[in-house]
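The block underneath contains the structure these notes are about, expressed in structure tokens.
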2 protein chains.
Amino acid sequence: MKYATQEVIEKATVLFWQKGFQAAGMRDIQDALDMRPGSIYARFKSKEGLFQLVVEHYVENSKAKLNAVAEATSPCTALHSFFTQALINPEEYRFMRQCLLVKSITELDVIGEQGKQAVVEGMAVLQQCFASIVSRAIECQELPTSTPVDLAANWLQNQFVGLRAFALMQHDNAAIATMIDKVLIDLKTQWPINRTLNAH
Amino acid sequence: MKYATQEVIEKATVLFWQKGFQAAGMRDIQDALDMRPGSIYARFKSKEGLFQLVVEHYVENSKAKLNAVAEATSPCTALHSFFTQALINPEEYRFMRQCLLVKSITELDVIGEQGKQAVVEGMAVLQQCFASIVSRAIECQELPTSTPVDLAANWLQNQFVGLRAFALMQHDNAAIATMIDKVLIDLKTQWPINRTLNAH
DNA sequence: TTATGACTTGAACAAGTGTTCAAGTAAACC
DNA sequence: GGTTTACTTGAACACTTGTTCAAGTCATAA
């Protein structure tokens with residue numbers, strides 16, 4: 001085995017993150033991984049199979065980061081710096097401001113069943129992570145006990161999605177920082193009456 | 001001329017909105033428009049040329065809707081129902097919950113220079129529309145005079161983007177409605193100190 | 001030593017891609 | 001009436017797509 005699978009998946013992650021599923025052609029993949037088509041197919045079965053592993057790897061990674069935020073002594077400050085790190089980074093890593101999962105959602109129809117499932121499940125996993133952050137923040141008395149956990153978790157994920165799209169296009173880092181500040185203000189303030197009868 | 005250009009562009013809009021630029025193949029376009037390749041190329045020069053017109057048409061449309069919100073007697077309630085209409089619609093039009101512009105941003109690199117420019121300019125136009133809504137809301141005393149117009153406009157556009165991604169995946173309309181309520185609460189509350197020295 | 005199985009190579013494949021072009025139609029202008 | 005112009009047709013083009021396959025490598029197990 002020329003390269004360890006871990007190493008290969010990391011290279012593939014960068015490529016899919018940058019280009020997306022469709023635009024990353026098998027030739028691009030071959031170049032990025034320095035592997036010939038036969039090797040790729042023997043190890044990963046198909047382009048979609050490789051993509052699936054990439055998504056799972058990405059989710060695992062994000063999950064670890066979000067759990068670290070939840071475990072921090074001050075979840076809210078940790079959340080703030082998590083947002084900042086994810087959204088304000090050097091120019092050559094600008095593509096990382098976009099969320100791989102959200103980017104994939106826009107091309108869900110062309111990905112195929114298994115890859116699709118990996119993406120959808122990944123979104124659910126991350127939503128759970130946001131929920132534990134909110135819970136822990138309440139425990140630490142950084143958020144009022146009245147904060148609706150599931151609603152706030154969904155909302156936080158939303159904010160993250162919106163901010164990523166914003167940060168992708170925005171060249172003024174200060175503007176991004178201001179937006180992050182606004183998120184943490186709104187997190188602590190009033191919530192609407194939840195219109196959902198039974199949250200699932 | 002078999003079909004009026006307006007009519008053709010509307011059909012093309014639906015297709016690109018549903019599939020995105022890459023995934024919408026020329027054969028799909030031919031079927032959707034009921035036109036042969038030669039006709040399409042004679043009239044629109046290329047796939048990108050057609051896409052460019054679609055984007056411009058989409059921006060024009062959105063602009064009109066947003067301006068109507070700004071002109072309403074109560075901009076805030078008009079904004080609320082604009083969000084609701086855009087994000088909660090019948091299942092067969094679910095694809096419209098996604099913003100065509102934002103969807104295009106994720107595949108900006110494969111679109112080509114002219115299409116790219118149309119998308120980026122479109123985003124700027126809509127940002128301006130959001131700014132006038134905020135201004136008008138201040139005039140109508142629905143928002144405090146202290147509201148930072150440009151910041152709030154950017155923020156509103158952001159919220160819209162995040163919500164569209166959320167609504168696309170969410171099957172519980174009540175959850176979407178709750179999120180919209182939250183936007184209107186946050187719009188009226190505290191703003192962070194703007195870190196940007198000179199807004200551009 | 002031989003056999004197994006996971007991995008590698010690179011040429012080749014069928015199907016799909018956006019686009020072109022010669023030929024035809026029909027309304028508009030001189 | 002003739003020329004121009006805008007549009008239409010559908011076959012064909014060159015290129016790219018994801019994938020396959022016969023053949024080869026090489027470490028491990030029997």
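The figures that follow rest on heavy atoms only: side chains count, while hydrogens, waters and symmetry mates do not. Every chain is numbered from 1 and lettered A, B, ... according to where its sequence line falls, protein lines coming before strand lines.
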OP1 or OP2 of [N] versus the side-chain N and O atoms of [X]: is any pair under 4.0 Å?
| X | N | answer |
| --- | --- | --- |
| A:S39 | C:dT9 | yes |
| A:R36 | C:dT8 | no |
| B:K47 | C:dG18 | yes |
| B:Y41 | C:dT20 | no |

Expressed in angstrom and rounded to an integer, what is the separation of [X] atom [atom1] from [N] atom [atom2]?
| X | N | atom1 | atom2 | value |
| --- | --- | --- | --- | --- |
| B:K2 | C:dA27 | NZ | C1' | 17 Å |
| A:F44 | D:dG18 | CZ | C1' | 16 Å |
| B:I40 | C:dC21 | CD1 | C1' | 15 Å |
| A:D34 | C:dG10 | CG | P | 10 Å |
| A:D31 | D:dG18 | CG | C1' | 15 Å |
| B:R27 | D:dG10 | CZ | C1' | 11 Å |
| A:Q30 | C:dT8 | CD | C1' | 13 Å |
| B:K45 | D:dT8 | NZ | C1' | 20 Å |

Distance in Å, B:M123 CE paired with A:F166 CZ, rounded so as to fall on 0.5 Å steps
9.5 Å
May I ask you to say whether [X] pairs ionically with [Y], meaning some side-chain N is under 4.0 Å from a carboxylate O?
| X | Y | answer |
| --- | --- | --- |
| B:D28 | B:K19 | yes |
| B:R195 | A:D181 | yes |
| B:D31 | B:R27 | no |

Can you identify which nucleotide, out of D:dT8, C:dT19, C:dT8, has its nearest atom closest to the A:M35 side chain?
C:dT8
Side chain of B:A42 - closest among D:dT8, C:dT19, D:dT19:
D:dT8
Name the nucleic acid region contacted by [X], choosing base, sugar-phosphate or nothing; use a 4.0 angstrom heavy-atom cut-off, strictly under.
| X | answer |
| --- | --- |
| A:A23 | nothing |
| B:R43 | sugar-phosphate |
| B:G38 | base |
| A:M26 | base |

Which is more 5' along DNA chain D, the nucleotide nearest B:P37 or the one nearest B:M1? Just name the residue.
B:M1
Return the orientation label for the B:F21 and B:F16 ring planes: parallel under 30°, perpendicular over 60°, tilted otherwise.
parallel
